[in-house]
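The block underneath contains the structure these notes are about, expressed in structure tokens.
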Protein chains: 2
Amino acid sequence: MQSPVNNPSVRIACSSCNLRELCLPVDLDGHEMQQLDALTSLKRTFRRGEYLYRSGEAFRALYAIRTGFFKTQALHEDGREQVTGFQMPGEIIGLDAICSDAHSCDAVALEDSEICEIPFDRLEELSRELPNLQRHLHKIMSREIVRDHGIMMLLGSMRAEERLAAFLLNLSQRFSARGYSPNAFHLRMTRQEIGSYLGLKLETVSRTLSSFQEHGLLSVRVREVEIMDMLRLRSFVVGA
Amino acid sequence: MQSPVNNPSVRIACSSCNLRELCLPVDLDGHEMQQLDALTSLKRTFRRGEYLYRSGEAFRALYAIRTGFFKTQALHEDGREQVTGFQMPGEIIGLDAICSDAHSCDAVALEDSEICEIPFDRLEELSRELPNLQRHLHKIMSREIVRDHGIMMLLGSMRAEERLAAFLLNLSQRFSARGYSPNAFHLRMTRQEIGSYLGLKLETVSRTLSSFQEHGLLSVRVREVEIMDMLRLRSFVVGA
DNA sequence: CGGAGAGTTGAGAAACCTCAAAGCAGGTGG
DNA sequence: CCACCTGCTTTGAGGTTTCTCAACTCTCCG
């Protein structure tokens, strides 16, 4: 993922990384911002396919994605694994590890990526001093919970077409918020990964995309998606 | 739900309510505990069917369930609603409201219940002073995220039998942690509500329960469940 | 005792999955 | 630079699971 063309949300981010998730701006003055920057100075890069962390590893830090694209996946006891999310620049991952001091899922780079490490001890420390930061951290965690509820709803009560429409619209909206086109984008993940995330088999994902294309909702060429009829796509999700 | 017969986890809870979720004990000394107690002194009771809060209401406080049983449900834009969780004594609800300062789901009492209100401003304030409490709050939120991932996995990759087995084992484990029998318990929710939570129709829930009974895994009489073969029930969830 | 909500059960339909085969794209090594 | 190989994607046919619609029963209250 290249740098956004023109994105006001990104401009207000702290200089070293996007600690704040987009749409959740935090109110910090210059000095406070410096402290936050100092906290988030450790950066690392990952090649496509590399693991940022694995299930079971000790928890030390949260990670803010600076550039690139990740997926997180949880493994079942019986070996089945399920993608629990796709993460874009500006988003925070690792929150699920706090409760047990160990990561409960894997995070894998879907393309060459750069992240910014946020030592959790020090984040907690700093957030005791900066109530704005404290509240912001709570909001990020709460937002993750709400997001998960949305996915539960999708998995529990939507049909394949609705799930895929919701998925594409969500991607579109997130790309758009980062200054990219909401109508045309590149999928970083395989059909299998999309299916895993949406509770569908890869063949169903492929068939449904083809069907969307036949009906003129969008055009797909392998991983290149162009949404042609945003309104009709939206009507899949909202209405029955 | 009556008071537990003999439950060590509850004994270490603060006196006025179970702020800590079970299995996540917090390390506070006497004075700190007093401060926490002062925070959580407001109690309220609810009759079966009453709403603790509704989607859209302003967010002011978290709620610890002291006695009783709740469900939380999210409403779709199109009117569909989905149960996102069932809550028992000692559990905290309302975390999803932090991110937007408004509740994003309804909380409904499934039986006469008593809760303890925790004003969030003051909880944040106190957790700035007490690092142990701060970490504990973060763990509670993180635990909610992990729980939700578990449900996503259930919804995305399990069949009806597996989902129901997982659901019953989860209830059993939670009752057990509260000092009740893990083998025999009363369901507080309807088939419809179970189905909504598990992404199934009520008829499928009913049929699957009947099938479990036929196979000698458990006995069901409407809402009274007795698990007869815990191991075989477990094998549904772990194995293929 | 009657009514309303909850639960059970059956039959047929719909959605999605499984298995299989073939086409495509991108990377690697000759 | 091309050919090949591997992994990803598409499409088809048939099977399973779950849903839908419907009728009936049960249980709990008033």
Side-chain angles (χ1 to χ4, degrees), chain A residues 47-50 69 71 80-83 86 108 110-112 154-168 186-215 218-226 236 240, chain B residues 47-49 69 71 80 82-83 86 108 110-112 154-168 186-215 218-226 236 240:
Chain A
R47 308 295 302 270
R48 179 165 142 228
E50 285 187 323
F69 211 94
K71 71 168 175 180
R80 278 181 287 194
E81 65 184 26
Q82 171 146 354
V83 172
F86 298 107
V108 187
L110 294 182
E111 57 181 25
D112 294 355
L154 179 146
L155 292 170
S157 64
M158 289 189 185
R159 302 181 329 168
E161 286 180 338
E162 304 175 273
R163 293 186 199 187
L164 211 49
F167 173 69
L168 293 170
H186 178 82
L187 298 174
R188 271 78 177 173
M189 65 296 278
T190 66
R191 302 287 188 265
Q192 150 82 46
E193 286 163 337
I194 297 174
S196 171
Y197 181 60
L198 297 178
L200 300 170
K201 292 295 158 185
L202 66 93
E203 294 95 330
T204 306
V205 173
S206 177
R207 269 186 253 274
T208 308
L209 283 175
S210 299
S211 146
F212 280 168
Q213 179 160 259
E214 270 174 45
H215 291 80
L218 47 78
S219 97
V220 208
R221 274 216 16 224
V222 194
R223 302 221 182 164
E224 296 303 325
V225 174
E226 183 173 2
F236 267 97
Chain B
R47 308 295 302 269
R48 178 164 141 226
F69 211 93
K71 68 167 175 181
R80 277 180 290 193
Q82 170 145 354
V83 173
F86 297 107
V108 188
L110 293 182
E111 58 181 24
D112 294 355
L154 179 147
L155 292 171
S157 64
M158 289 188 184
R159 301 181 328 158
E161 284 179 339
E162 304 175 273
R163 295 186 200 188
L164 212 47
F167 173 70
L168 292 171
H186 178 81
L187 298 173
R188 270 76 178 179
M189 67 295 280
T190 66
R191 301 288 189 263
Q192 150 83 46
E193 285 163 339
I194 296 174
S196 171
Y197 181 61
L198 297 179
L200 301 170
K201 293 295 157 185
L202 66 93
E203 294 94 331
T204 304
V205 173
S206 178
R207 266 185 256 274
T208 307
L209 284 175
S210 299
S211 146
F212 279 167
Q213 178 160 257
E214 271 173 47
H215 291 80
L218 46 77
S219 97
V220 206
R221 272 214 20 222
V222 194
R223 301 219 182 165
E224 296 302 327
V225 173
E226 183 174 2
F236 267 97

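Note that the structure is a prediction, hence the values are computed from the model and not measured. Below, read A as the first sequence line, B as the second, and so on, with proteins coming before strands; counting in each chain starts at 1.
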| Between C/dT8, D/dT10, D/dT20, which nucleotide gets closest to the side-chain atoms of B/K201? | D/dT20
| task | Please figure out whether A/V222 or A/M158 has its closest DNA chain C nucleotide nearer the 5' end. | result | A/M158
| query | Does a side-chain N or O from A/T190 land closer than 4.0 Å to OP1 or OP2 of D/dG7, or not? | reply | no
| request: Look up atom CZ in A/F167 and atom CE in A/M189, then write down how far apart they are to the nearest 0.5 Å. | output: 4.0 Å
| field | Below 4.0 Å: OP1/OP2 of D/dT18 and any side-chain N or O of B/R159 | value | no
| Length of the CZ-P vector between A/R163 and C/dC16, whole Å | 7 Å
| Which comes earlier along DNA chain D counting from the 5' end, the contact point of B/T204 or that of A/R221, where each point is its nearest nucleotide? | A/R221
| Is a donor-acceptor pair below 3.5 Å formed from side chain A/E203 to base C/dC19, judging by atom type as modelled? | yes
| query | Testing B/E203, B/E161, B/R159 for side-chain contact (heavy atoms from CB on, under 4.5 Å) with B/T208, which one passes? | reply | B/E161
| task | Please confirm whether any donor atom in the side chain of A/R207 sits under 3.5 Å from an acceptor in the base of D/dG12, or the reverse. | result | yes
| request: Would you indicate what A/G199 reaches in the nucleic acid, counting non-hydrogen atoms under 4.0 angstrom: base, sugar-phosphate, or nothing? | output: sugar-phosphate
| said: Could you tell me how far apart A/Q192 (CD) and D/dG7 (P) are, to the nearest whole angstrom? | reply: 14 Å
| task | May I have the distance from B/E224 (atom CD) to C/dT8 (atom P), rounded to whole angstrom? | result | 13 Å
| query | Taking only N and O in the side chain of A/R191, is any of them less than 4.0 Å away from OP1 or OP2 of D/dG7? | reply | no
| request: Take atom CZ of B/R80 and atom P of D/dC19, then tell me their distance rounded to the nearest Å. | output: 13 Å
| query | Given atom CZ of A/F212 and atom C1' of D/dT11, what is their separation to the nearest angstrom? | reply | 18 Å
| said: Need one value for B/L202: base, sugar-phosphate or nothing, where a base atom within 4.0 Å counts as base even if backbone is also close, heavy atoms only. | reply: base
| To the nearest angstrom, how far is A/L164 atom CG from C/dA15 atom P? | 16 Å
| Got a second to check how far A/E111's CD is from A/R48's CZ, nearest 0.5 Å? | 9.0 Å
| field | Residue A/H215 excluded, over 12 heavy atoms near NE2 under 6.0 Å | value | no
| query | Over how many whole Å does the gap from A/H186 atom NE2 to C/dG26 atom P extend? | reply | 9 Å
| message | Can you measure A/E214 atom CD to D/dT11 atom C1' for me and round it to whole angstrom units? | response | 11 Å
| Could you give the distance from CZ (A/F236) to CG (A/L164), rounded to the nearest 0.5 Å? | 10.0 Å
